[in-house]
Trainee: 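Submitted below is the structure of interest, expressed as structure tokens.
Everything quoted here is computed from the prediction, not taken from an experiment.
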Amino acid sequence: MTKIAPSILSADFAKLGQEIKEVVDGGADYIHIDVMDGHFVPNITIGPLIVDAVRPVTDLPLDVHLMIENAEQYVEAFAKAGADIITVHQEANVHLHRTIQLIKSHGVKAGVVINPATPSETIKPILQDVDLVLLMTVNPGFGGQSFIESVVPKIQQISQWRKELGLSFEIEIDGGVNKDTARTCVEAGADVLVAGSAVFNKEDRKAAIDAIKNAY
Ligand SMILES: O=C(CO)[C@H](O)[C@H](O)COP(=O)(O)O
Ligand SMILES: [Co+2]
């Protein structure tokens, strides 16, 4: 069963707890939290303080997507705040293997992320060490962008390598996922779909989640 991870980037932050409860009740599997630093991406969003604040709201896994430089400096704070999964960008982590091991040392699942223009080959050496691979289908930084179709062959490639290497990491897709693009992702091998605007920009969150789930 493919999982849905609503991204709180498109939620109303003035009532974040209530917003999260609505997607939990609506059938969400993970809560996706987009952390941006204004350096790696041209936007600033959430820090460990907010992760700590939402931790008591739900028992669902908190899936923390770090779009930041110097991620290793902040891993401990996000782990202590209650992250269950921490993903870091290949493009922003020169010592990627070290950062992945650091995340795991805190008892948190570790994932690697690549941007749409980054080739899959750049993460092949780390596949055996990760719990999750996140493929961006938009350029990171903002919600509400259009799905970049040319990433689909990378989903197929990562799925094929997972099979050939006998690995069991999850494949997550992030950016422009909605009821029209979900099926392509799932057919290519996705296990987890992040959806921000397609869920939080709709009045009825359960109906929005169901519409995505019913599309594949
Ligand atoms: O990482 C992200 C942006 O960098 C977000 O998770 C993503 O864009 C979700 O928003 P939407 O579903 O509206 O595209
Ligand atoms: Co994200």
Side-chain angles (χ1 to χ4, degrees), residues 3-9 11 13 16-17 20-21 23-24 28-41 43-115 118 122-136 140-141 158 161-162 165-175 190-194 196:
K3 296 172 180 166
I4 300 285
S7 162
I8 62 168
L9 190 60
F13 278 72
L16 190 53
I20 290 173
K21 279 185 184 142
V23 294
V24 171
D29 298 285
Y30 295 165
I31 300 298
H32 186 83
I33 302 177
D34 289 304
V35 176
M36 306 185 188
D37 67 352
H39 291 273
F40 177 61
V41 291
N43 197 2
I44 300 175
T45 57
I46 293 164
L49 200 66
I50 304 295
V51 176
D52 188 58
V54 304
R55 181 66 285 179
V57 176
T58 178
D59 291 331
L60 286 186
L62 300 182
D63 168 27
V64 177
H65 176 192
L66 297 186
M67 287 160 274
I68 63 173
E69 291 174 2
N70 303 316
E72 66 283 358
Q73 208 176 311
Y74 300 98
V75 163
E76 183 176 3
F78 281 105
K80 283 192 172 152
D84 296 283
I85 304 162
I86 295 178
T87 58
V88 293
H89 274 257
Q90 182 272 344
E91 301 89 351
N93 286 273
V94 178
H95 306 293
L96 184 57
H97 184 270
R98 183 187 291 161
T99 311
I100 293 293
Q101 300 311 326
L102 176 65
I103 296 168
K104 289 177 159 182
S105 76
H106 289 283
V108 174
K109 288 187 176 171
V112 64
V113 194
I114 50 172
N115 287 333
T118 303
T122 59
I123 55 167
K124 197 171 183 192
I126 202 80
L127 292 181
Q128 62 192 348
D129 297 293
V130 299
D131 300 296
L132 187 144
V133 170
L134 173 50
L135 299 175
M136 293 305 300
I158 296 290
W161 282 341
R162 175 172 63 181
L165 298 168
L167 299 172
S168 57
F169 56 80
E170 290 191 312
I171 300 175
E172 183 175 38
I173 307 302
D174 187 5
D191 308 292
V192 186
L193 302 177
V194 176

Trainee: Please list, chain by chain and in numerical order, all residues satisfying side chain to side chain donor-acceptor pair (under 3.5 Å) with T87, sequence neighbours excluded.
Mentor: none

Trainee: Between L132 and E172, what is the shortest heavy-atom contact and its length?
Mentor: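 Between these two residues, the closest heavy atoms are CD2-OE1, 3.3 Å.
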
Trainee: Answer yes or no: is there a side-chain heavy-atom contact under 4.5 Å between V88 and V113?
Mentor: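 A side-chain contact under 4.5 Å is absent here.
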
Trainee: Would I158 and I123 count as a side chain to side chain contact (heavy atoms under 4.5 Å, CB included) if you check the C-alpha gap in whole Å, the side-chain angles of each, and the deciding distance to 0.1 Å?
Mentor: CA-CA 9 Å; I158 296 290; I123 55 167; 3.8 Å; yes

Trainee: Is any side-chain heavy atom of V130 closer than 4.5 Å to one of I100?
Mentor: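 I100 reaches V130 side chain to side chain.
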
Trainee: Between H65 and L9, is any pair of side-chain heavy atoms under 4.5 Å apart?
Mentor: no

Trainee: What residues form a side chain to side chain contact (heavy atoms under 4.5 Å, CB included) with A81, not counting sequence neighbours?
Mentor: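 P48, V51, D52.
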
Trainee: Take L66 and F40 through the test side chain to side chain contact (heavy atoms under 4.5 Å, CB included) and record every step on the way to the result.
Mentor: CA-CA 10 Å; L66 297 186; F40 177 61; over 6 Å; no

Trainee: Return all side-chain donor-acceptor pairs below 3.5 angstrom for residues 104-111, not counting sequence neighbours, or 'none' if the list is empty.
Mentor:
| from | atom 1 | to | atom 2 | distance (Å) |
| --- | --- | --- | --- | --- |
| K104 | NZ | D129 | O | 2.4 |
| S105 | OG | L102 | O | 2.6 |

Trainee: Quick one: side chains of residues 91-99, donor-acceptor pairs under 3.5 Å with protein atoms, not counting sequence neighbours, listed by atom name and distance.
Mentor:
| from | atom 1 | to | atom 2 | distance (Å) |
| --- | --- | --- | --- | --- |
| E91 | OE1 | H89 | ND1 | 3.0 |
| E91 | OE2 | N115 | N | 2.6 |
| E91 | OE2 | N115 | ND2 | 3.4 |
| E91 | OE2 | T118 | OG1 | 2.6 |
| N93 | OD1 | T99 | OG1 | 3.4 |
| N93 | ND2 | H89 | O | 2.8 |
| H97 | NE2 | Q101 | NE2 | 3.3 |
| T99 | OG1 | H95 | O | 3.1 |

Trainee: How would you list, by chain and number, every residue that makes a side chain to side chain donor-acceptor pair (under 3.5 Å) with D29, sequence neighbours excluded?
Mentor: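 Residues passing side chain to side chain donor-acceptor pair (under 3.5 Å) with D29: none at all.
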
Trainee: What distance separates I4 CD1 from I31 CD1, expressed to the nearest 0.5 Å?
Mentor: 11.5 Å

Trainee: So, S7 and D34: side-chain donor and acceptor under 3.5 Å apart, yes or no?
Mentor: yes

Trainee: What pairs with D37 under side chain to side chain donor-acceptor pair (under 3.5 Å), at least two apart in sequence or on another chain?
Mentor: none

Trainee: Does H32 form a side chain to side chain contact (heavy atoms under 4.5 Å, CB included) with I8? I'd like the steps, not just the answer.
Mentor: CA-CA 6 Å; H32 186 83; I8 62 168; over 6 Å; no

Trainee: Residues two or more places apart in sequence or in another chain: which of them pass side chain to side chain contact (heavy atoms under 4.5 Å, CB included) with K124?
Mentor: L127, W161

Trainee: For a 4.5 angstrom cut-off between non-hydrogen side-chain atoms, does V35 reach M67?
Mentor: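 Side chain of V35 against side chain of M67, heavy atoms only: no contact under 4.5 Å found.
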
Trainee: Rounded at 0.5 Å granularity, tell me how far CD in E69 sits from NE2 in H39.
Mentor: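 Answer rounded to 0.5 Å: 6.5 Å.
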
Trainee: With the side chain counted from C-beta on, respond yes when M36 and I44 share a heavy-atom pair under 4.5 Å apart, and no when they do not.
Mentor: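 With C-beta onward as the side chain, the pair stays apart.
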
Trainee: Of all residues at least two apart in sequence or in a different chain, which pass the side chain to side chain donor-acceptor pair (under 3.5 Å) check with Q90?
Mentor: none

Trainee: Please output the side-chain donor-acceptor pairs of residues 70-80 that fall under 3.5 Å, not counting sequence neighbours, one pair per line with the distance.
Mentor:
| from | atom 1 | to | atom 2 | distance (Å) |
| --- | --- | --- | --- | --- |
| E76 | OE2 | K80 | NZ | 2.8 |

Trainee: Among V133, L134, L193, D191, which residue satisfies the side-chain contact (heavy atoms from CB on, under 4.5 Å) criterion with I173?
Mentor: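 Looking at V133, L134, L193, D191, the match for I173 under the side-chain contact (heavy atoms from CB on, under 4.5 Å) is L193.
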
